[in-house]
Each structure stands twice: as structure tokens, then as C-alpha cells.
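Heads up: the structure comes next, in C-alpha cells.
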2 protein chains.
Amino acid sequence: MNLPIYRYLFNQLKDKILRGELKPGDMLQSENELAQQYSTSRLTVRKSLSMLDNEGFITSFPGKGYYIIEPDHSKYTLLFNELNSGSKNTLYSKLLGVDATDPDATICQKLQISCDHKVVVILRLLYSNEGPIAYDIKYIPYDRGRPIVEKAIEYAALPDMVAKKSSPFAIKKELCIYIEKSNPEINKSLCLHESEPLLVVEQSLYDYENKPIGLGKTYYGGEHGKIRAYSNMRE
Amino acid sequence: MNLPIYRYLFNQLKDKILRGELKPGDMLQSENELAQQYSTSRLTVRKSLSMLDNEGFITSFPGKGYYIIEPDHSKYTLLFNELNSGSKNTLYSKLLGVDATDPDATICQKLQISCDHKVVVILRLLYSNEGPIAYDIKYIPYDRGRPIVEKAIEYAALPDMVAKKSSPFAIKKELCIYIEKSNPEINKSLCLHESEPLLVVEQSLYDYENKPIGLGKTYYGGEHGKIRAYSNMRE
DNA sequence: CAGTGGTCTAGACCACAGT
DNA sequence: CTGTGGTCTAGACCACTGA
């Protein structure tokens with residue numbers, strides 16, 4: 001075993017928590033006790049404990065000690081990329097059109113711009129080998145001097161389109177998932193009956209000052225609209 | 001300022017990354033350089049860098065150095081709790097019924113049990129001051145000796161119903177969000193037209209051995225079915 | 001008061017990259 | 001070879017909690 005001591009201690013404690021030997025609310029041994037028990041230094045023990053802290057198992061209170069946390073069961077991780085839907089099938093993207101247009105009121109409001117501000121609209125159809133999967137619309141405020149039509153717009157996800165200025169880390173993102181009851185034009189593009197409801201994933205991007213810099217809507221029809229999320233403290 | 005050194009250095013570096021002064025792929029100064037530059041010890045510098053690592057800004061390679069990461073724009077955090085939908089309104093829960101029944105084939109498959117295995121079914125209606133919001137069904141395999149009908153089943157979320165054995169940390173959770181085209185019985189409960197499509201959030205729970213221990217379906221109608229997720233590296 | 005966690009120092013040895 | 005990050009020790013002082 002070349003397992004470092006801090007790693008070993010971390011595993012030991014995590015195991016006790018996952019097996020239920022240590023329950024939410026319980027207090028751990030003190031740093032000094034653990035250091036003695038595992039014949040190591042206090043700093044090594046602290047490393048293990050800080051890892052457990054980072055992974056959401058414990059908290060510490062100065063002067064008191066370390067305590068097992070009550071886990072938050074409402075938190076999930078959601079992976080979304082309009083061009084890479086769940087990876088069940090390779091997705092292809094077909095550019096239907098790019099336009100600089102006057103946006104309607106809804107879009108203006110969501111992008112927090114006035115109605116005479118031009119907006120670049122990008123329409124794409126996403127499909128797999130078996131046929132169309134989704135219909136995708138992007139709205140990006142048009143700013144003079146900042147060319148929007150980047151290289152390979154056909155194959156870029158929204159964050160990569162707008163993350164040019166400043167840092168790609170500074171972007172704030174939001175998703176909203178909801179139903180839109182049939183949209184004749186989109187349903188036709190997706191080869192669906194007109195009455196078919198669509199699952200919409202609406203993606204909003206904000207820059208460092210919380211100014212909207214992009215809005216994307218991806219419409220999934222039929223059996224393709226399955227959004228998945230997961231949560232697992234064991235890995 | 002009582003800001004600890006490691007905190008100060010962390011802020012400095014994070015700022016440089018968020019402002020775009022340090023871009024993905026760039027290499028940071030070495031630990032020793034930073035320690036000299038900020039007149040501190042190598043360990044203090046390491047603390048700052050490990051925090052940046054934990055938050056997904058940098059990685060390190062032994063013998064090489066620290067590098068700014070290419071951020072993953074597909075990762076979101078989704079908060080879901082059937083009893084606490086977005087917190088726009090206080091939710092109330094009304095128990096419609098609890099039954100131990102023979103499950104149908106779909107449920108058997110999802111719970112990985114044989115069709116003669118009894119399943120506890122819990123039906124609830126979730127509503128706000130303004131009316132019904134969602135229809136909620138839980139399926140929990142019935143095991144002799146493990147009483148399912150816990151205290152306050154009316155007001156418990158699925159993870160809290162099944163997280164009795166072992167540890168609440170050991171549970172693995174999955175969500176699947178999709179459309180179900182009208183379900184007359186449910187639509188009636190929610191005071192909707194029969195043709196109205198429903199947004200379904202299906203929650204699957206697994207125990208330590210990845211055995212299914214609970215299945216929940218929450219049906220949202222009309223404007224209530226808006227699932228939100230977010231991602232923000234700035235906080 | 002003694003014990004706890006929070007911060008920090010000044011060393012040490014190792015495996016690893018690149019020259 | 002030198003410099004890098006990875007691990008670890010043996011101290012230190014502080015602010016905090018509870019008896």
C-alpha cells in the first residue's frame with residue numbers, strides 16, 4: 001500500500017459515515033485524539049478532515065469540534081449541453097439560419113435590452129442517425145465591434161459562443177425546464193404531430209455584472225426529451 | 001483586516017481568473033515563488049491553491065506545476081424537493097391514500113422486484129394557497145419487519161421515508177424529467193383539462209448496494225412545472 | 001481553566017518533469 | 001541535474017467553548 005496516511009484516515013472515517021456507524025449530529029474525535037490514534041501529526045489529520053468537509057460530510061466549530069452534517073437530499077447535479085444530449089447517440093447539428101433581427105417583447109425582457117436593440121438569432125436542428133431530436137434557438141444581443149458569427153457556430157454550445165470577453169469562469173448560467181404546448185413550426189421541423197407538446201430547456205447566461213449575454217431555447221419532442229440529474233455522496 | 005493570508009492569496013488568484021488575466025491553460029507561479037512573493041510559507045500557499053483546486057479553477061501536475069482548468073460549461077446544480085417547489089409558495093401536502101398493492105410491470109422493473117412482491121403506494125396532492133400544484137406518487141418495496149408507514153408520512157420527502165436503514169449519506173439518487181401526455185385521473189385531481197400535458201419528475205433512490213429502495217413521480221400541471229438549475233463559479 | 005479548532009512557520013524527504 | 005508538487009513532522013500562538 002502506498003496510500004498516504006491522510007487518504008487512509010479519510011477512507012476510514014468516510015466508511016464509518018456511509019455504514020451508519022457515525023450518524024448526523026454525532027461528534028468526531030478531536031484532532032489531537034485522531035493524531036495520536038493514527039500515530040501521525042495534527043496537520044495530516046486536518047487534511048483528512050478538510051476533505052470530509054469539502055465533500056459535505058462534516059462541519060467544524062472552533063472551540064467545540066467536528067460534527068457529522070445532516071445531508072441535504074434536495075441537491076442534484078445536472079449535465080446539460082444542447083449538442084451532447086446524454087450521449088446515447090452522437091448528435092449532429094444543422095444550421096437553419098442566422099439573422100440579426102428586432103426581438104419581440106419577451107426576448108427583450110429576458111435579455112434586458114430595449115426593443116430597438118438588434119439581436120442575433122441562430123436556428124439549429126439537432127439530430128441523430130435516427131432522425132431529428134431537437135430544435136434549438138439562440139438569442140445573442142448584437143454589439144457593434146464584437147463579431148458574433150464566430151468560427152464553427154454550427155457546432156458551438158451557447159457558453160462557448162458568448163464566453164469571449166473576460167473569463168469563461170465569470171459566466172453565470174441558469175436553466176429552466178418546462179412544457180410548451182405544441183408549436184406548429186417547430187413540430188413540423190421535428191416531424192411530429194402538431195398537437196405534440198414540447199419539452200423546453202431554456203438557458204440564460206449572464207456576464208460578470210449579471211447582464212444577460214445570451215438566451216438559448218432547446219425544444220425536445222417525443223421520447224427525446226428526458227433530462228437527467230443525479231446525486232451520489234459515495235464516489 | 002483580519003483576513004488570513006491564505007484567504008487573501010486565494011481571493012487575489014481567483015480575481016485574476018475571473019477577470020481573465022489568467023486564462024485556461026495558463027500556468028501559475030510555483031508554490032515557492034508565491035510563498036516568497038507573499039512573504040509566507042509554502043504550506044499557506046498550498047492551502048490557497050488547494051481551495052482553488054476544490055472550486056474547479058486549477059489542477060496540478062507533480063513535477064510540472066499548477067494550471068488553469070478549461071471550465072466545464074455543462075454542469076449545473078438542481079435543487080429538487082417535491083414538498084418545497086422553488087419556494088415561491090408554501091406547499092401543503094394532502095394524503096390521498098396509502099396502500100400495499102401488487103405493482104404493475106413497469107414499477108416492478110424499475111424497483112427490480114418480482115411481480116408478487118408487495119409495494120407500498122403513497123398518493124399525495126401538493127397544493128399552495130391558490131390551488132393544486134402537483135400530484136405525487138411514491139412506490140416503496142414492502143419488506144416485512146420494516147414498517148414503512150413512518151410518522152408524518154404526509155409531510156416527508158422520499159429520501160427521508162426510506163433513509164432509515166444504514167446511513168442517509170449512502171443513498172444514491174437519480175432524477176428524470178419528461179413529459180407525460182395527459183393522464184385523465186391526475187388531470188382531474190389538478191383541475192386541468194384532460195388534454196393538458198404533465199411535466200413529470202421521476203425520482204429513483206438506491207441503497208448502498210445499488211438496489212432500488214424507492215421510486216417517486218411528481219406530476220406538475222400548467223404553469224407550475226418549471227424546474228430550475230443554476231451554475232455559478234463566482235460565489 | 002484546559003481543550004478545541006484556526007492559522008502559520010521552518011524545516012524534511014519523496015517521486016516526478018524537463019534539460 | 002534542478003525545480004516542481006505531494007506528503008509529513010514538530011513545534012507555535014490565537015480565539016473560542018464549556019466547566
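Letters go in sequence order (proteins before strands), and every chain restarts at 1.
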Which ranges of DNA chain D pair up as stems, where a stem means three or more consecutive Watson-Crick or G-U pairs with both distances under 3.5 Å?
C:3-16 with D:3-16

Do any N or O atoms from the side chain of A:Thr44 and from the backbone of A:Tyr6 form a donor-acceptor pair under 3.5 angstrom?
no

Consider only side-chain N and O atoms of B:Gln203 and A:Tyr76, and report whether a donor and an acceptor are under 3.5 Å apart.
yes

Between A:Arg42 and B:Gln29, name the one whose nearest nucleotide on DNA chain D is closer to the 5' end.
B:Gln29

Where the side chain of A:Glu33 is defined as all heavy atoms beyond and including C-beta, which of D:dT4, D:dT9, C:dT4 is the nearest nucleotide?
C:dT4

Ignoring the backbone of A:Pro4, work out which of D:dG6, D:dT7, C:dC8 is nearest its side chain.
D:dT7

Pair A:Tyr178, B:Glu223: side-chain N/O donor-acceptor within cut-off below 3.5 Å
no

Does a side-chain N or O of B:Tyr67 approach OP1 or OP2 of D:dT4 to a distance below 4.0 Å, or not?
no

I need the CZ-C1' distance between B:Phe61 and D:dG3, as an integer number of Å.
17 Å

Residue-phosphate contact under 4.0 Å: B:Thr40 side-chain N/O, C:dT9 OP1/OP2:
yes

Go nucleotide by nucleotide along DNA chain D from the 5' end; which of A:Tyr6 and A:Gly63 gets its closest nucleotide reached first?
A:Tyr6

What is the separation between atom CG on A:Leu49 and atom P on C:dG5, rounded to the nearest whole Å?
8 Å

Counting only side-chain nitrogens and oxygens, does A:Asn32 get under 4.0 Å of the OP1 or OP2 atom of C:dT4?
yes

For A:Gly216 and A:Lys138, which heavy atoms make the closest approach, and how far apart are they?
CA-CD, 4.0 Å

Give a yes or no on whether a salt bridge exists between B:Lys211 and B:Glu209, defined as a side-chain N under 4.0 angstrom from a carboxylate O.
no

Sequence neighbours excluded, which residues qualify as ring-ring contact (aromatic ring centres under 6.0 Å, His included) partners of B:Tyr139?
none

Round to a whole Å and report the spacing from OH of B:Tyr66 to C1' of C:dA17.
15 Å

Choose from C:dT9, D:dG5, C:dT4 the nucleotide whose nearest atom is closest to any side-chain atom of B:Ile5.
C:dT9

Of C:dA17, C:dG5, C:dT7, the nucleotide closest to the side chain of A:Ser60 is C:dG5

Could you state the NZ-P distance from B:Lys47 to D:dG6, rounded to the nearest angstrom?
16 Å

Nearest heavy atoms of A:Leu22 and A:Leu13, plus distance in Å
CD1-O, 4.5 Å

Whole-Å distance separating the CD atom of A:Glu31 from the P atom of D:dA12
17 Å

Looking at the side chain of B:Lys64, which of C:dC8, C:dA17, D:dC8 is the nearest nucleotide?
C:dA17

So, is B:Thr44 near the phosphate of C:dT9, with a side-chain N or O under 4.0 Å from OP1 or OP2?
yes

Report yes if at least one side-chain N or O of B:Arg46 is closer than 4.0 Å to OP1 or OP2 of D:dG6; otherwise report no.
yes

Can you tell me if CD on B:Gln36 sees more than 12 non-hydrogen neighbours from other groups inside 6.0 Å?
no

Whole-Å distance, A:Tyr38 OH to D:dC8 C1', equals 18 Å

Atom-pair distance (OH on B:Tyr8; P on C:dT7), nearest Å
17 Å

Separation of B:Leu9 atom CG from C:dC8 atom P, in whole Å?
11 Å

Using a cut-off of less than 4.0 Å, is there contact between a side-chain N or O of B:Ser30 and OP1 or OP2 of D:dT4?
yes

